[in-house]
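Everything on this sheet refers to the single structure shown next.
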Amino acid sequence: MQDGGGQLAHAGAAERAHRTADDHTPAQRRPSSRTGPHSHVRRAARAYAALDLGTNNCRLLIAEPSYHEFRVVDAFSRIVRLGEGLGIGDRLNEEAIDRTIAALRICRAKIDARNVVRSRLIATEACRLASNGPAFIQRVRSEVGIEIEVVDRQTEATLAVMGCASLAHPKAGAVIIFDIGGGSTEVAWLDGQTGSSLLCPSERIRAWDSLPVGVVTLAERHGGQRVTPEIFEDMVDEVSGRLLPFALKAGAAAAAPNFHLLGTSGTVTTVGGIHLGLDRYDRRRVDGMWMRDDEISAVIDRLLATNIDERAQNPCIGRDRADLVLAGCAILEAIRRAFPAPYLRIADRGLREGILMSMMREDKVWSRRGSA
């Protein structure tokens, strides 16, 4: 174990002690959250909205700037499976579109109800891949009255980094950040700390990649209901092959002092919740937690020994994600094998937080007296 191992775990415990409430289940709202180095919060009049429409989830965050950070005032998350079927075809199906439009109407109502001065609403891999993606975006524009921006893979990777880079340990000489999505997986190599919380984390990115594989597409190709160890290894092998070019570029990261992994996704938060034995997912306990390499392996082995009904009954998984969790674990396993690390830090934050930070930086809200 590297010298910083104990410091990494101690820092995680200290940060979790000050965590604010959230839940990644659709029935829960996140009434308050902060990101950044300061705990002092002042009420601001300007609200910003960030929407992440992925292959599996539709997520909205509305926040107001505070002192070098932001305060969440409303949130929404729903599993819509927009990319259902894209693992074996090239079109969004009508049922998935209808589910997604219903969720987007709720998001529109929330945005209208808040004093939102600026918003960025993005879509990712499902809309990038689908042949009828442009038609779907037009339908959202006409039926919901909002403009969805389909971002490229580099933008997605950069925003994911911006959203969770604050959880990188300050003594880590390098960090591999990854975001396991429904249709794609973003990975980035972050170099050592810049020394200032006001500098954009994107300036630390040495290399990045976006793998065209996520939990939905991988599960559809290999099967998500009955996953044997052999099927699991086939999934790991597929992801490892796609990850190889990035692993060759970023392999040196693992040799840096106090190197660790930093993951943001439903997969890693689920693994964290299962490890803690939670009766109900609790963001306050999961966001920012550290897991040792052997602890991650134990959770994956435990999940591999379950059937889909047992996975569905786990309160940190649920029926909507029971067929996807092992595909996510296969992606996680491929990353762990490419970049062996003694510790993984888990982030229940990512793309939406990155969007909010990006807009607030552009508007210079933290440099104007009275804005925060």
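Numbers here are sequence positions counted from 1.
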Residue [X] excluded, over 12 heavy atoms near [atom1] under 6.0 Å:
{"X": "Arg302", "atom1": "CZ", "answer": "no"}
{"X": "Asp279", "atom1": "CG", "answer": "no"}
{"X": "Glu95", "atom1": "CD", "answer": "no"}
{"X": "Gln225", "atom1": "CD", "answer": "no"}

Straight-line distance of [X] [atom1] to [Y] [atom2], nearest 0.5 Å:
{"X": "Leu276", "Y": "Arg285", "atom1": "CG", "atom2": "CZ", "result": "5.0 Å"}
{"X": "Leu92", "Y": "Ser131", "atom1": "CG", "atom2": "OG", "result": "7.5 Å"}
{"X": "Arg284", "Y": "Met289", "atom1": "CZ", "atom2": "CE", "result": "15.0 Å"}
{"X": "Leu262", "Y": "Ile177", "atom1": "CG", "atom2": "CD1", "result": "4.5 Å"}
{"X": "Leu356", "Y": "Tyr48", "atom1": "CG", "atom2": "OH", "result": "9.5 Å"}
{"X": "Arg141", "Y": "Phe136", "atom1": "CZ", "atom2": "CZ", "result": "11.5 Å"}

Legend entry - Working for salt bridge (charged side-chain N to carboxylate O under 4.0 Å, His left out), residues Glu143 and Arg105: CA-CA 9 Å; Glu143 294 187 18; Arg105 286 198 175 101; 3.6 Å; yes
Could you report the tightest heavy-atom contact between [X] and [Y], atom names first, then the distance?
{"X": "Trp208", "Y": "Lys249", "answer": "O-NZ, 3.8 Å"}
{"X": "Ile97", "Y": "Arg139", "answer": "CG2-NH1, 3.4 Å"}
{"X": "Leu303", "Y": "Thr306", "answer": "O-OG1, 2.6 Å"}
{"X": "Trp189", "Y": "Ala253", "answer": "NE1-CB, 3.4 Å"}
{"X": "Ile180", "Y": "Gly328", "answer": "CD1-O, 3.9 Å"}
{"X": "Arg108", "Y": "Val144", "answer": "NH1-O, 2.8 Å"}

Report yes or no: do [X] and [Y] form a side-chain donor-acceptor pair below 3.5 Å?
{"X": "Ser240", "Y": "Arg337", "answer": "no"}
{"X": "Thr185", "Y": "Arg242", "answer": "no"}
{"X": "Tyr343", "Y": "Arg345", "answer": "no"}
{"X": "Glu186", "Y": "Ser210", "answer": "yes"}

Ion pair [X]/[Y], N-O distance below 4.0 Å:
{"X": "Arg99", "Y": "Glu94", "result": "no"}
{"X": "Arg59", "Y": "Asp52", "result": "no"}
{"X": "Glu149", "Y": "Arg120", "result": "yes"}
{"X": "Glu362", "Y": "Arg118", "result": "yes"}
{"X": "Asp179", "Y": "Arg352", "result": "no"}
{"X": "Asp363", "Y": "Arg46", "result": "yes"}

Inset, instruction - For Met357 and Glu69, run side chain to side chain contact (heavy atoms under 4.5 Å, CB included): C-alpha distance rounded to whole Å, both residues' side-chain angles, the deciding distance at 0.1 Å, then the answer. - result: CA-CA 8 Å; Met357 294 293 285; Glu69 51 193 32; over 6 Å; no
Side chain of [X], backbone of [Y]: donor and acceptor closer than 3.5 Å?
{"X": "Thr100", "Y": "Ala96", "value": "yes"}
{"X": "Asn132", "Y": "Ala135", "value": "no"}
{"X": "Glu220", "Y": "Gly87", "value": "yes"}
{"X": "Glu295", "Y": "Arg292", "value": "yes"}
{"X": "His260", "Y": "His169", "value": "yes"}
{"X": "Asp287", "Y": "Asp348", "value": "yes"}
{"X": "Asp209", "Y": "Pro245", "value": "no"}

Can you check whether [X] reaches [Y] side chain to side chain, under 4.5 Å on heavy atoms?
{"X": "Val80", "Y": "Asn56", "answer": "no"}
{"X": "Trp290", "Y": "Leu167", "answer": "no"}
{"X": "Leu344", "Y": "Ile296", "answer": "yes"}
{"X": "Leu104", "Y": "Cys58", "answer": "yes"}
{"X": "Glu233", "Y": "Glu333", "answer": "no"}
{"X": "Leu218", "Y": "Leu324", "answer": "no"}
{"X": "Leu60", "Y": "Asp74", "answer": "no"}
{"X": "Glu238", "Y": "Arg221", "answer": "yes"}

Inset, instruction - Would you check, one step at a time, whether the test side chain to side chain donor-acceptor pair (under 3.5 Å) holds for Arg336 with Ser297? - result: CA-CA 10 Å; Arg336 293 172 63 216; Ser297 295; 2.7 Å; yes
Inset, instruction - Would you kindly confirm whether Leu261 and Leu244 end up in one hydrophobic cluster when ILVMFWY residues are joined by side chain heavy atoms under 4.5 Å apart? - result: no
Legend entry - Single-linkage hydrophobic cluster Ile274~Ile308, side-chain heavy atoms < 4.5 angstrom: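 Per the 4.5 Å side-chain linkage, Ile274 and Ile308 are not co-clustered.
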Inset, instruction - Begin with the C-alpha distance, continue with both residues' side-chain angles, and end with the deciding distance and a verdict on side chain to side chain contact (heavy atoms under 4.5 Å, CB included) for Ile148 and Leu51. - result: CA-CA 9 Å; Ile148 301 288; Leu51 184 138; 4.2 Å; yes
Inset, instruction - Decide side chain to side chain donor-acceptor pair (under 3.5 Å) for Arg321 and Thr270; before the verdict, give the C-alpha distance in whole Å, the side-chain angles of both, and the deciding distance to 0.1 Å. - result: CA-CA 10 Å; Arg321 298 173 60 246; Thr270 296; 2.9 Å; yes
Inset, instruction - Report the C-alpha separation of Thr264 and Arg349 in whole Å, then their side-chain angles, then the decisive distance to 0.1 Å, and conclude whether the side chain to side chain contact (heavy atoms under 4.5 Å, CB included) test is met. - result: CA-CA 6 Å; Thr264 169; Arg349 60 182 80 179; 5.5 Å; no
Inset, instruction - Would you please test Asn307 and Arg226 for side chain to side chain contact (heavy atoms under 4.5 Å, CB included) and show each step? - result: CA-CA 7 Å; Asn307 59 43; Arg226 181 177 176 272; over 6 Å; no
Inset, instruction - Assert yes or no for the condition that the ring centre distance of Phe246 to Phe178 is strictly below 6.0 Å. - result: no
Inset, instruction - Walk me through it: do Tyr281 and Asn314 pass the test side chain to side chain donor-acceptor pair (under 3.5 Å)? - result: CA-CA 10 Å; Tyr281 181 82; Asn314 188 296; over 6 Å; no
